[in-house]
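As structure tokens, the structure follows; a few thoughts come after it.
Quick note: residue numbers are just sequence positions, from 1.
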Amino acid sequence: MNQVIKEKLALLPTKPGVYFHKDNQANIIYIGKAANLKNRVKQYFHSSKSKDLKTAKLVEAINDIDWIVVDSEIDALFLEAELVRRYLPKFNILLRDDKSLSYIRINYNDKYPSVSFTRRPLDDRAKYFGPYTSKQPIIKALKLLRKIFPYSLHGAVIPSRVCLDYHLGLCPGLEENKTSIDTYRTNLRRLMKFMSGAHHQLIDDIESDMKKAAKDKDYENAAIYRNQIVSLKSLSNSIVFSDKENLEISKDEALIGLREMFNLVDIPKRIEGFDISHMQGTNTTASMVVFINGVPEKKQYRKFNMLLPGNNDFGHIQEVIGRRLSPSNVKRWPLPDIFLIDGGKGQLSSAIKARNERGIVTPMIGIAKREEEIVIDIN
């Protein structure tokens, strides 16, 4: 990391925005979005060995950083896509997975325009926005924008009566001429202007229309414009991707800490946690939860019905770890990099005993929730 990057990292704001990674020729080589610019950009320069080869090459090529601060996550989401389309940075192309790309399609010139998603733009006179590497944030953003600029989701088949979305204020109701096609297209133009990154210019345009409507004593439309402005300004409080971004940041920091704690060569990719539960001392079961790269992998969760009778936490932990590490289960499921044991020193000692009997060296952590105590074993 050069001195320029160190100084830029110290200046990064904690606001949403779009960041630019540049090479030693000042060329933009990667564009990304962030709910918190400081946290997101710093993440690239963590000393994590878990980066894939392409990301590692990107980090090696970064010589400078710039950014644009925006008002909201939605602004960052759409501005990122617009700038990537405009500049085509080489690492955005290298790092993306074409199978996961999504585009927003608006058939603006059709008799009944609608908004939809597609994976591949066509030469069909429709307006396309994107590509977006993750569909879920776009779905969240469009749901919020639909409340401000109602649009139709109907495709080629138009219902004969207005749909429920019209009554919820989300659809223009073209089926029964509830909204004129001119008014609807005006709303679509404003929606597209927002998605093109012109948030502030859009608000100025609507404010101008509001003042004109008020001057003409068209108070009904003036109120509609006023509500649109208020709703657009309130988008700064909306979460569309920061929940996932914050998870990734905390996940990486936690995994790096675990690697250092246990002196592991690599970031722990698979972590398994074990917990014992029973009903008043009967019907005892052990639960195995699995985390892959710090994220719960629920398809791999398992339950073990305990063979040892009674309410015996130590004995049941020893039993489930012994069964988990049986030759047949080791073949069925890969060994974890770390075991998490629900309990304190007694439960951890029982788990270690079962592990050692199987000749396994995977490190273990005991977590006693009541005492807020963490017990660590490094074998």
Side-chain angles (χ1 to χ4, degrees), residues 13-18 33-37 67-83 86 104-108 113-116 127-130 132 137-153 162-174 177-243:
T14 57
K15 295 181 178 180
V18 174
K33 65 181 180 301
N36 182 317
L37 282 163
W67 57 87
I68 297 173
V69 174
V70 296
D71 293 334
S72 69
E73 292 181 29
I74 298 182
D75 288 304
L77 188 69
F78 288 116
L79 182 59
E80 177 204 31
E82 175 66 20
L83 294 176
R86 189 182 305 170
I104 297 172
R105 178 181 183 272
I106 302 178
N107 53 341
Y108 177 82
S114 62
V115 177
S116 60
K127 309 289 185 182
Y128 289 90
F129 295 84
Y132 305 100
I138 292 298
I139 291 174
K140 290 182 183 179
L142 284 179
K143 281 183 177 179
L144 293 168
L145 290 170
R146 196 181 183 199
K147 295 175 182 178
I148 306 172
F149 306 114
Y151 58 79
S152 172
L153 294 177
V162 292
C163 60
L164 175 62
D165 283 350
Y166 168 75
H167 296 290
L168 297 174
L170 303 175
C171 188
L174 295 179
N177 297 314
K178 299 293 185 180
T179 303
S180 72
I181 189 65
D182 289 339
T183 299
Y184 179 40
R185 286 205 169 104
T186 297
N187 268 344
L188 286 180
R189 285 197 300 272
R190 286 175 171 167
L191 175 65
M192 292 188 289
K193 193 165 194 173
F194 186 99
M195 293 191 295
S196 298
H199 183 168
H200 291 285
Q201 185 181 344
L202 174 60
I203 290 178
D204 289 342
D205 291 347
I206 299 175
E207 282 182 342
S208 177
D209 287 346
M210 180 183 68
K211 291 175 182 177
K212 183 178 184 304
K215 184 177 181 181
D216 295 341
K217 298 184 178 180
D218 182 3
Y219 300 120
E220 183 177 351
N221 277 322
I224 291 172
Y225 297 142
R226 178 203 62 206
N227 293 340
Q228 287 180 334
I229 293 168
V230 171
S231 297
L232 283 169
K233 290 181 177 179
S234 71
L235 289 176
S236 60
N237 300 318
S238 302
I239 295 174
V240 293
F241 64 83
S242 63
D243 48 355

For a 4.5 angstrom cut-off between non-hydrogen side-chain atoms, does [X] reach [Y]?
X	Y	result
Leu142	Met195	yes
Leu79	Lys33	no
Leu77	Glu73	no
Trp67	Pro13	yes
Leu170	Leu153	no
Ile104	Phe78	yes
Pro113	Leu174	yes
Ile148	Leu144	no

Got more than 12 heavy atoms from elsewhere within 6.0 Å of NZ, Lys15?
no
What's the verdict on side-chain contact (heavy atoms from CB on, under 4.5 Å) for Tyr151 and Leu188, showing C-alpha distance, side-chain angles and the deciding distance?
CA-CA 7 Å; Tyr151 58 79; Leu188 286 180; 4.0 Å; yes
So which heavy atom on Cys171 is nearest to which on Pro150, and how close?
N-CB, 3.9 Å
For His200, which of Asp71, Asp75, Asp205, Leu232 qualifies under side chain to side chain contact (heavy atoms under 4.5 Å, CB included)?
Asp71
Pair Glu207 + Lys211: basic N to acidic O under 4.0 Å:
no
Evaluate the ring planes of Phe194 and His199, with Trp represented by its six-membered ring, and classify them as parallel (under 30°), tilted (30 to 60°) or perpendicular (over 60°).
tilted
Ring of Tyr108, cation from Arg185 - is the NZ or CZ under 6.0 Å from the centre and inside 45° of the axis?
yes
